[in-house]
Amino acid sequence: MRRFTRFAAIDWSGARGKRHRGIAVALCEAGDAAPQLFAAPDGVWSRTAVLDWLRARAGDPLLVGFDFSFAPPLIERGAYLPGEPTPATARPFWAHVDTASDDEDLGAASFLENRRGRHFYLGAADGTKADFMHFRRCEAQYKAGGGGKPSTVYDAIGAAQVAKASFAGMRLLHHLGAAVPVWPFDPVPDQGALVVEIYTSIAARTAGLRKGISKMRGAAALDAALTHPAIGSQPHSPLERYDDHATDAILTAAWLRAHADRASLWHPPALSAEIAQSEGWTFGVV
């Protein structure tokens with residue numbers, strides 16, 4: 001994996017609308033220079049603009065990490081959405097989500113809202129929240145390894161929910177098509193760009209930030225994480241504004257650069273062929 005010489009981390013958003021201040025794109029080159037934020041074409045990123053940005057770099061030796069779940073759980077219950085006819089592998093399911101979502105800018109809130117109470121928890125009216133807590137195998141592995149309590153794509157309420165971002169992300173992956181491979185659903189290509197799923201919390205833990213204090217809201221905290229020996233980056237250039245989206249993206253891009261050549265991260269023992277095609281895996285979970 002030493003062939004990658006550029007590394008990007010994208011802090012994603014499933015919010016409604018056409019422009020999303022919750023999206024941040026950070027990029028770094030091989031070496032130790034700190035990642036830089038990549039400015040959106042119109043000042044604030046849209047999901048469609050991120051898709052265009054990635055397509056334009058399909059031929060680059062670029063490793064890109066997105067912080068959303070690339071597929072729902074399937075192994076635990078035998079189907080993504082039990083009782084609803086759906087494909088049993090991820091790529092056809094991404095197409096299913098895209099066809100069933102009419103939200104602007106690759107949004108997917110309507111997909112969840114049309115299935116609330118049956119598959120998604122959006123509030124107390126939907127029943128007992130615990131009944132919606134289903135997880136992928138990589139999430140179970142992450143928790144078993146001490147990574148903490150994972151989120152599920154079926155829980156669509158609260159600040160920590162990943163559901164809306166994940167289903168919007170599945171639409172992006174569908175529209176990306178064959179332009180850029182997506183690991184582990186596709187083989188790692190000999191050249192060009194590759195997309196992986198990331199947890200920004202893994203980068204934070206690696207950089208020495210303990211559980212519960214993984215956010216960096218100032219220059220000193222970000223530099224302390226970047227210059228940690230396990231990250232190996234130079235300090236960053238000052239930002240106009242410090243928020244979780246920007247600092248998460250910057251640190252995670254540096255983490256990708258530092259750890260992309262670790263063979264164990266590309267071959268986790270629990271990643272079977274079935275899981276690779278149905279649920280996928282988060283890069284960094286072993």
Side-chain angles (χ1 to χ4, degrees), residues 1-12 24-38 53-54 57 60-68 70 138 141-142 145-148 180-184 188-211 213-239 242-271 280-286:
M1 300 310 164
R2 293 181 185 274
R3 72 168 188 79
F4 293 111
T5 60
R6 309 184 79 192
F7 305 87
I10 300 176
D11 202 67
W12 190 241
V25 178
L27 180 69
C28 61
E29 308 286 340
D32 64 359
Q36 301 282 326
L37 291 180
F38 202 96
W53 183 89
L54 188 50
R57 288 156 182 81
D60 293 357
L62 173 66
L63 182 62
V64 182
F66 278 98
D67 70 332
F68 61 81
F70 287 5
C138 69
Q141 184 76 8
Y142 181 65
V180 178
V182 181
W183 181 86
V188 177
D190 293 331
Q191 59 186 3
L194 178 69
V195 168
V196 298
E197 177 184 327
I198 54 172
Y199 289 160
T200 58
S201 60
I202 291 179
R205 295 290 89 72
T206 303
L209 281 75
R210 67 181 188 271
K211 294 178 185 177
I213 310 180
S214 62
K215 299 303 181 183
M216 303 153 289
R217 296 185 173 89
L222 178 56
D223 277 344
L226 285 171
T227 58
H228 188 282
I231 302 297
S233 172
Q234 294 293 318
H236 74 289
S237 300
L239 307 179
Y242 289 84
D243 58 33
D244 295 347
H245 311 296
T247 58
D248 280 352
I250 290 171
L251 177 61
T252 306
W255 174 84
L256 274 175
R257 177 177 62 192
H259 295 273
D261 62 353
R262 287 176 55 193
S264 61
L265 301 189
W266 295 100
H267 304 285
L271 177 58
W281 201 264
T282 304
F283 185 74
V285 175
V286 293

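Minimum interatomic distance between Ala258 and Ala230 (heavy atoms only, all atoms of both residues): CB-O, 3.8 Å.
With sequence neighbours left out, the side-chain hydrogen bond (donor to acceptor under 3.5 Å, both in side chains) criterion links Thr200 to no other residue. Checked against side-chain hydrogen bond (donor to acceptor under 3.5 Å, both in side chains), His228 has no partners two or more places apart in sequence or in another chain. In terms of the ring-ring contact (aromatic ring centres under 6.0 Å, His included) criterion, residue partners of His236 (sequence neighbours excluded) are, by chain and number, Tyr242. Applying the ring-ring contact (aromatic ring centres under 6.0 Å, His included) rule to Trp281 yields no partners; only residues at least two apart in sequence or on another chain are considered. For Asp243, the side chain to side chain contact (heavy atoms under 4.5 Å, CB included) partners two or more places apart in sequence, or in a different chain, are Arg241, His245, Ala246. For Phe68, the ring-ring contact (aromatic ring centres under 6.0 Å, His included) test picks out Trp12, Phe66, Phe70, with sequence neighbours left out.
Looking only at side-chain heavy atoms (C-beta outward), Met216 and Asp248 come within less than 4.5 Å of each other.
Residue Leu37 holds its CG atom at 9.5 Å from OG1 of Thr247, rounded to the nearest 0.5 Å. Within the model, atoms CG of Leu62 and CG of Leu256 stand 9.5 Å from one another, a figure rounded to the nearest 0.5 Å. Ile198 contributes atom CD1, which lies 8.0 Å from atom CG of Asp11 (distance to the nearest 0.5 angstrom). How far CD of Glu197 is from CH2 of Trp183: 9.0 Å, rounded to the nearest 0.5 Å.
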Show the numbers, then the answer: is there a side-chain contact (heavy atoms from CB on, under 4.5 Å) between His259 and Thr206?
CA-CA 10 Å; His259 295 273; Thr206 303; 3.7 Å; yes
